[in-house]
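One structure is given below, encoded as C-alpha cells.
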Amino acid sequence: MQFKLFIVTLVLHYATADYYRTKPDFVKTCFRKDPEFDDCSRQAVQQLFNALGPGLPEIGVEPLDPLKIPKIRILQGDDGPVNVNAALDHVTVTGFGKTEVLSSRVDRKTYDFHTKIRIPKIRIEGTYELKGKILLIPLVGRGLCWFEPSNMTIDIISDVKLYNKDEFTFFNVTAAHVKYAIGGLKLRMNNLFDGIDALEESTNTYLNANWRPVSESLRSVLSKTIEDILLGFMQKLFHNLPGDFMIGDINDP
C-alpha cells in the first residue's frame with residue numbers, strides 16, 4: 001500500500017530564532033558516566049515535553065497543546081482496505097500536553113534517542129473533505145470531524161547526528177520512526193453522504209463499533225502524521241538547545 005501525506009503547519013516551517021546561550025530552567029542535565037543516566041534522561045525528556053506544551057516563543061516553537069495544523073492532505077493507494085483521498089483543514093490537536101515519558105535511552109555511541117511515551121487521550125478536530133473507502137465501505141462527505149485515540153503508547157526512535165556551532169554541540173535530528181498502540185478509538189464525521197442522516201449515523205456507528213480494524217487500516221497514516229509532528233518539534237528544539245545542556249559530558253571520549 002502506498003500513500004502520500006502532506007502536512008502544512010507552523011510547526012514544520014520555522015523562522016530563524018536565536019538559540020539558548022544559557023541553560024533554561026526546564027532543562028535537566030544528565031551525565032553518561034552516571035549509572036542512573038537512563039532514569040535521569042527520562043526525567044529530562046519529561047521536563048522538555050512539559051515545556052513544549054505551552055510553547056517556547058523565545059525560540060519560535062509553537063504550543064504543542066493545543067497544536068494547530070492548517071492543512072493535512074492524505075492520498076492513499078487503492079489496494080487493501082483503505083483507499084482515501086482526503087483533506088483536513090484548520091486542524092486542532094489536543095492531548096500532547098499530558099504526555100508521560102515512560103522511558104528514554106540515548107545510544108552512547110550514535111546519540112540516537114529511544115523514547116517511549118504514553119498519552120491518555122488525543123483529540124483531532126477539523127473540517128474534512130473525503131472520498132474513498134475505509135474497511136471497504138464507500139465514504140464521501142465534507143464537514144466537521146473529530147477523532148479520539150485513547151491510552152496511546154508511542155515508541156520513538158530518533159536518528160541523531162552531532163554538529164558544532166560556536167562553542168556548543170547540537171543534536172541534528174534527521175528522522176523519527178514511530179510505532180504505537182492504542183486502547184481505543186472514537187470518531188465522528190458529520191455530513192457524510194451529503195447529510196443523509198440514516199447513512200451518516202449508521203456509518204459512524206459501524207466505524208466506532210469496529211474501531212480496532214479501523215485503527216489498523218489507518219495505522220500507516222497515523223504513524224506518518226505522528227512522526228512528522230514530533231520530528232518538526234525535535235528539529236526546532238534541538239537546533240536551538242545545545243546538547244551540552246542536556247548531556248554534560250557529551251564531548252567526553
For this session: Give the C-alpha distance, both sets of side-chain angles, the deciding distance and a yes or no for side-chain contact (heavy atoms from CB on, under 4.5 Å) between Ile154 and Ile119.
Result: CA-CA 8 Å; Ile154 307 174; Ile119 308 172; 4.0 Å; yes
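- The CE atom of Met234 sits 15.0 Å away from atom NZ of Lys236, with the distance rounded to the nearest 0.5 Å.
- A donor-acceptor contact closer than 3.5 angstrom links the side chains of Thr169 and Asn164.
- For the pair Ile182 and Pro149, the tightest heavy-atom approach, listed with the atom from each and the gap, is CG2-CB, 4.1 Å.
- Glu100 has no carboxylate O lying under 4.0 Å from a charged side-chain N of Lys98, or vice versa, which leaves the two without a salt bridge.
- With hydrogens and angles ignored, the 3.5 Å screen pairs no side-chain donor or acceptor of Arg219 with any backbone N or O of Ala181.
- A search for side chain to side chain contact (heavy atoms under 4.5 Å, CB included) contacts involving Thr203 returns Leu139, Leu192, Phe193, Leu207, not counting sequence neighbours.
- Note on Ile196: it clusters hydrophobically with Met189, by side-chain heavy-atom contacts below 4.5 Å among ILVMFWY residues.
- Looking only at side-chain heavy atoms (C-beta outward), Phe113 and Ser104 stay at 4.5 Å or farther from each other.
- Between Leu241 and Met246 there is a side-chain heavy-atom pair separated by less than 4.5 Å.
- Hydrophobic clustering of Ile, Leu, Val, Met, Phe, Trp and Tyr side chains at less than 4.5 Å, counting indirect connections, unites Leu162 with Val106.
- Of all non-hydrogen atoms in Leu144 and Tyr128, the two that sit nearest each other are O-CE2, 3.6 Å.
- Nearest approach of Ala44 to Lys28, heavy atoms of both residues: CB-O, 3.7 Å.
- Taking the ring centroids of Phe238 and Phe233, they lie at or beyond the 6.0 Å cut-off.
- Hydrophobic clustering keeps Trp146 apart from Leu88 (ILVMFWY residues linked when any side-chain heavy atoms are closer than 4.5 Å, directly or through intermediates).
- A pairwise comparison of heavy atoms in Pro66 and Thr94 identifies CB-CG2, 3.8 Å as the closest pair.
- Smallest separation of non-hydrogen atoms from Phe96 and Thr99: O-OG1, 2.5 Å.
- A search for ring-ring contact (aromatic ring centres under 6.0 Å, His included) contacts involving Phe245 returns Phe168, not counting sequence neighbours.
- With sequence neighbours excluded, the residues forming a ring-ring contact (aromatic ring centres under 6.0 Å, His included) with Tyr20 are Phe26, listed by chain and number.
- Within a 6.0 Å sphere centred on CG of Asp34, heavy atoms belonging to other residues, nucleotides or ligands number more than 12.
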For this session: Would you sort out whether Leu230 and Ile156 count as a side-chain contact (heavy atoms from CB on, under 4.5 Å), showing the intermediate values?
Result: CA-CA 9 Å; Leu230 293 177; Ile156 311 158; 3.5 Å; yes
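- Between Thr115 and Val45, some side-chain heavy-atom pair lies under the 4.5 Å cut-off.
- Here the side chains of Leu237 and Phe171 are not in contact, with every heavy-atom distance at 4.5 Å or above.
- Side-chain atoms of Arg32 come within 3.5 Å of backbone atoms of Asp249 as a donor-acceptor pair (strictly under, hydrogens ignored).
- Every residue meeting the salt bridge (Lys or Arg N to Asp or Glu O under 4.0 Å) condition with Asp89, not counting sequence neighbours, appears here in chain and number order: Lys71, Arg73.
- Distance check, rounded to the nearest 0.5 Å: OG of Ser150 to CG of Leu185 gives 7.5 Å.
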For this session: Show your reasoning for whether side-chain contact (heavy atoms from CB on, under 4.5 Å) applies to Ile117 and Phe49.
Result: CA-CA 10 Å; Ile117 63 176; Phe49 269 104; 4.1 Å; yes
Exercise. Going through the checks in order, is the side-chain hydrogen bond (donor to acceptor under 3.5 Å, both in side chains) test met by Ser223 and Lys179?
Worked result: CA-CA 7 Å; Ser223 294; Lys179 291 183 179 180; over 6 Å; no
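- When the side chains of ILVMFWY residues are joined at heavy-atom separations under 4.5 Å, either directly or via intervening members, Leu130 and Leu199 end up in a single hydrophobic cluster.
- Between Ile226 and Ile229 there is no side-chain heavy-atom pair separated by less than 4.5 Å.
- Pairs passing the side-chain hydrogen bond (donor to acceptor under 3.5 Å, both in side chains) check and including a residue from residues 42-54, sequence neighbours excluded, read Asp39-Arg42, Asp39-Gln43, Gln46-Asn50.
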Problem set entry | Full working for side-chain contact (heavy atoms from CB on, under 4.5 Å) between Lys23 and Asp244 | CA-CA 9 Å; Lys23 190 178 80 168; Asp244 315 65; over 6 Å; no
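- Under the salt bridge (Lys or Arg N to Asp or Glu O under 4.0 Å) criterion, Asp166 pairs with Arg21, sequence neighbours left out.
- Considering only heavy atoms from C-beta on, Glu148 stays 4.5 Å or farther from Leu187 through its side chain.
- Under the salt bridge (Lys or Arg N to Asp or Glu O under 4.0 Å) criterion, Arg212 pairs with no residue at all, not counting sequence neighbours.
- Tyr163 pairs by the side chain to side chain contact (heavy atoms under 4.5 Å, CB included) definition with Lys165, Phe170, Asn172, His239, not counting sequence neighbours.
- Asp65 contributes a side-chain N or O that, together with a main-chain N or O of Gly97, makes up a donor-acceptor pair within less than 3.5 Å.
- By the 4.5 Å heavy-atom criterion applied to side chains, Leu222 and Phe147 are not counted as neighbours.
- Salt-bridge formation is detected for the pair Arg142/Glu129: a Lys NZ or Arg NE/NH1/NH2 atom is positioned less than 4.0 Å from an Asp or Glu carboxylate oxygen.
- Remark: of the listed residues Val91, Val93, Ile124, Val93 is the sole one forming a side chain to side chain contact (heavy atoms under 4.5 Å, CB included) with Leu67.
- Note: Glu36 CD to Ser41 OG = 12.5 Å, rounded to the nearest 0.5 Å.
- In terms of the salt bridge (Lys or Arg N to Asp or Glu O under 4.0 Å) criterion, Glu227 has no residue partners (sequence neighbours excluded).
- To the nearest 0.5 Å, atoms CG (Asn210) and CD1 (Ile134) are separated by 12.0 Å.
- Take Cys30 and apply the disulfide (SG to SG under 2.5 Å) test, not counting sequence neighbours, and it matches Cys40.
- In this structure, the side chains of Asp194 and Asn191 stay at 4.5 Å or more apart for every pair of heavy atoms.
- The hydrophobic cluster containing Leu52 also contains Val27, counting ILVMFWY residues as joined when their side-chain heavy atoms lie under 4.5 angstrom apart, directly or transitively.
- In this model, no donor atom of one side chain and acceptor atom of the other lie less than 3.5 Å apart for Asn208 and Arg188.
- Ala51 and Leu56 make their closest contact through O-CD2, 4.0 Å (heavy atoms, listed as atom of the first residue, atom of the second, distance).
- Sorted by first and then second residue, the salt bridge (Lys or Arg N to Asp or Glu O under 4.0 Å) pairs involving residues 101-117 (not counting sequence neighbours) form an empty list.
- Among residues at least two apart or in separate chains, there is no salt bridge (Lys or Arg N to Asp or Glu O under 4.0 Å) pair with a member in residues 149-161.
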